[in-house]
Structures are given as C-alpha cells and as structure tokens.
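Proteins get letters first, then strands, A, B, ... in listed order; numbering begins at 1 in each.
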There are 2 protein chains.
Amino acid sequence: MLHEEVVGRIRDILLDGEIPPGARIPERELCERLEISRTPLREALKVLAAEGLVQLLPHRGSRAAKLTDKDMRDLFEVCQGLEALAGELACERITDRKIAEIAAAHAAMVQHYREGDLLQYYRGNRAIHEGIVNAAGNPVLAALYATVTARIRRARYVTPMTPQRWALAVSEHEAILNALQRRDGAGLSHILRAHLRHKREEVLQAGFAETETSELALKIA
Amino acid sequence: MLHEEVVGRIRDILLDGEIPPGARIPERELCERLEISRTPLREALKVLAAEGLVQLLPHRGSRAAKLTDKDMRDLFEVCQGLEALAGELACERITDRKIAEIAAAHAAMVQHYREGDLLQYYRGNRAIHEGIVNAAGNPVLAALYATVTARIRRARYVTPMTPQRWALAVSEHEAILNALQRRDGAGLSHILRAHLRHKREEVLQAGFAETETSELALKIA
DNA sequence: TGGATCATTTTTGCATTCAAAATAGAGATG
DNA sequence: CATCTCTATTTTGAATGCAAAAATGATCCA
C-alpha cells in the first residue's frame, strides 16, 4: 500500500467519524487493520496532523482533532474566501462543456431535493461546489479547498436541515448556477459567500461544537 | 529534537535554497547534520511533501519541489485571495494598537526604501503583510497563508527590483496603510490584490521559472 | 476510607535492520 | 565504438527492536 493511500484511508476513517473527535487513535489496532507496521502509520499521522485532522501530543500519542466553535467559524471563513475566489476565476475560465456538466449536476441535485433524499442531495451539492473550484483551473486552490472542506465536512453534512433552510439553499444554488452561466464572476462570488455564511450559521446554531457537550452526548449515546 | 523542529529546520534549508529546487534530498547527509536517524527525517519529508515543498518519487526518494511558471501563477492567485480576505477581516477586527504597530513597521520599511536597503525593505514588507494577516484573527487563514507564502518566498525576495517598480510598491503600501487606518475593508482588499498582481508580474517577467532554464543556469554557474 | 508513593506494564519515539527496488558498472555483442 | 545485458552496489521503504516516558495499579499509611 502506497503512502498516499495510507493517508487517505486514515483520513476517511476520521471523516466517517469512526474515530470520534477527541478520541485517542489506537496505533496498534490501525496497524493490524491496514496491515502495515507502525512506521508508515506514524508517517501518515504526522501528515494528517499537518492538515489539522489529527492532534499530536508529545509522548502521549495522537488524537482525532476536536474542533471548537471558533475553529469551525475560522474554517468556514476561509472556505468562503476560497470559494469566492474560485467562483471568480471559474467564470473567467470555465468551458461551456463544464458549465453544462455543472448544470446537469444541479438538476440532479434539485431532483434529490424534491425526493427529500438528503444524503444524495449533499452528494450532489458537494459535486457542484467541487466542480466550480476545479473549473478555476488552479490546483493549489483546489488542494487547499480540499483540506479545508475535509475538516468541516462532518459538521456540514450532519447538521439537521429544516425545510425552510433547505429551500433557501436550493434557491441559492439556482442563483449560483445562473451566475455561472452568465459568467458573472462578481455575482457568483457574492452568492457563494452568502450561501456559505448561511451554512455556517446553520452548523453553529445546531450547537455543533465538537466540545465537551457533544463528547457528553457521545458518551450518553 | 521535536518533530516540528525537524520539519522547521528542513523547511528553512529548502527555503534558503541550500538544496536547490529539483535537487535530490540527501537523506543520509541530512540525518548526520541534524543528528537524527532516517525515521524522523522521513516523517518530516512526508509532511513537507504535503505542504508542497518536497516532491516524493516512489522508490526514487525525494526532491526539493521545482515550481513551474504555472505553479507560481497559481500560488500568487491563491495568495491574493488569502490576503484580500485577510484585509477585509482585519479591518473589522484590528485594534488601534495593532494599527499603530503596522504603521510603525510601515515607517521603518519606507526608511529602508529611502536608504536603498532591499533586504531590510523585504523584511519589513513581509512583517506588514503578516501583520495584516494576523490581525484577521483567523489562525486557519494564517496557517494557509504561511504555507503558500513559504512556497513563493524564494522567488518573491530574489527578483531584481527596478527603481520604478520599487517606487510603485512603496506607494501601494502607503495606500494599504491608509485603507487599514480608515478600516476600509473593501478598499484594502482591492489594493492588496493589485499589489500582489504587480508583484506576480515582476516575478514572472523576471523569467523566474524554476525550470530547465534555471536548472541550466545553475549547472553553468 | 482516602490518598500518596512506588513498582509494573504499556505506549511512545527513534535507531537499527532487512527485503525489495532502482542505479551503476563491467563485460559481451553487434 | 556504441549499445545491450546481467550482476554488484546503493538506496529506498517498512518491520523490528530498544530505551525512555507515561499510564496503571498495588501497597502502605494516616
């Protein structure tokens, strides 16, 4: 198994919440499961620590990083900035073909919304946002976006969704697609910011906080 | 020596150009120099690879990352986005005290400009940009900014500077300070973008390119 | 019974070792 | 003389082993 694959596997384990935030990362167990020794595992953990998904405590091992409200706010803020930038660049560079692809993804997502399939809706949602970021044609931007969204993903796609909020999100997505089709960079950038600001408010209001509170909730459950 | 320290030491070696872009990283030699064994060294290299400073070639070791023109453009583009965001946030959050500090740094930098001390000018320049980014009060943003600027630093502070360009840069910095003092987020953001766009043009026009061309130059030299 | 102290076990971090892969070099061949 | 092939050496990537640090828990004493 290649180094990058090890990193990816552990990242998935963390993002799936299989090792909950704040929990110790069981080295030996993971070694057995991934069928590797401690050396490559530890290399991967250091990389994930640099990404912010893992917290290293000298002489006390590693834990799945636990996000505070402040962390979450900061991450959303940066995510907004990155998506806004991506939106502007995408409008300058995107091909008609790519726009058509995103329009198709949008239609599919709306269909999932109509069917009330939240999971598929989130999948489609993510595909659209990633599509815009990729259309910016800037791999550096895409890579940073990937690490930032990875860190907030759990909260983002776990927050309960009221009908009103969901409807708002879908209408915002209509505007997003519209701006993209008009290649209105400033407009797209603006809408994306608002869209993410709303999402952030949802997440934070949902009393997200991977803090003692939700630790407690986990223990009770 | 702590893990983070090892990463920092190697990062400095790379940023100082002691191992030039594209060159193989001599594992054994670095081990001796840092007085560590290969295990922690390789952990650090993988982290630096994730940061983009090192390129890992499976079964062929690691090299100091070599930036193409495209990489440089992408990095500047992202840097612009991050600084623009930081500028907006800083205007909302910065204290009078912090503004005074940055004003002082600005005055010092102008003094270095008048004296024609390019190295000190660059130092001051960097302090101001970092000051603004830190004033945004967003550690996630600050961390991403640090990695992006690290990657372009060499080119940024090595490019030759014509009197015209230098004068322009200083006048832009006057405008930056001005916008900050007025807490004009939109204005600051706008100026920072223009400032970085100019810097990028300088660097790229200077025929930067850590490519075959400069490889050749290195070999000849 | 509560808590402090010290031995035992476990875990961590790193050096070393070992197998596999890549590179270099000598010799053969056209 | 250039090129190809096959072996020897080096280098890489990962498993193991070992010393130091931390966690555990057993014992003693107030």
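For the pair B/Ala142 and B/Val133, the tightest heavy-atom approach, listed with the atom from each and the gap, is CA-CG1, 3.8 Å.
When the P atom of D/dT12 is taken as reference, atom CG of A/Leu2 falls 16 Å away, rounded to whole Å. C/dT12 atom C1' lies 12 Å from atom CG of A/Leu45, rounded to whole Å. If you take NE2 of A/His3 and P of D/dT12, they are 16 Å apart, rounded to a whole angstrom. Counting to the nearest Å, the P atom of C/dT16 and the CG atom of B/Leu41 are 14 Å from each other. The nearest whole Å value for the distance from the CD atom in B/Glu32 to the P atom in D/dT11 is 12 Å. Between the CD atom of B/Glu43 and the C1' atom of C/dA15 there is a distance of 12 Å, rounded to whole Å.
Residues from residues 24-31 of chain B that place a heavy atom under 4.0 Å from any atom of DNA chain C: there are none. Of the residues in residues 53-63 of chain B, B/His59, B/Arg60 come within less than 4.0 Å of DNA chain C through at least one heavy atom, sorted by number.
Other residues, nucleotides and ligands contribute at most 12 non-hydrogen atoms within 6.0 Å of the CZ atom of A/Arg60.
Comparing atom distances between the B/Arg42 side chain and each of D/dT12, C/dC14, D/dA15 picks out D/dT12 as nearest. For A/Arg38, the side-chain atoms get nearest to C/dT12 when compared with the rest of D/dG13, C/dT12, C/dA15.
At C/dA15, one or more side-chain N or O atoms of B/Ser37 fall inside 4.0 Å of OP1 or OP2 (strictly under the cut-off).
Atom CD1 of A/Ile132 and atom CG of A/Leu89 lie 12.0 Å apart (nearest 0.5 Å). Atom CZ of residue A/Arg33 and atom CZ of residue A/Arg9 lie 7.0 Å apart, to the nearest 0.5 angstrom.
Proximity of a side-chain donor or acceptor of B/Asp16 to a complementary backbone N or O of B/Glu18 within less than 3.5 Å is not detected. The closest donor-acceptor contact from the side chain of A/Arg200 to the backbone of A/Phe76 lies at 3.5 Å or more, if one exists at all. Of the possible donor and acceptor atoms, none in the side chain of A/Asn125 sits under 3.5 Å from a partner among the backbone N and O of A/Tyr121.
Shown are B/Asp74, B/Leu82, B/Leu75; of these, the side chain to side chain contact (heavy atoms under 4.5 Å, CB included) with B/Val78 is made only by B/Leu82.
Contact check on B/Arg93 versus A/Glu77 returns a salt bridge, with a Lys/Arg side-chain nitrogen under 4.0 Å from an Asp/Glu carboxylate oxygen.
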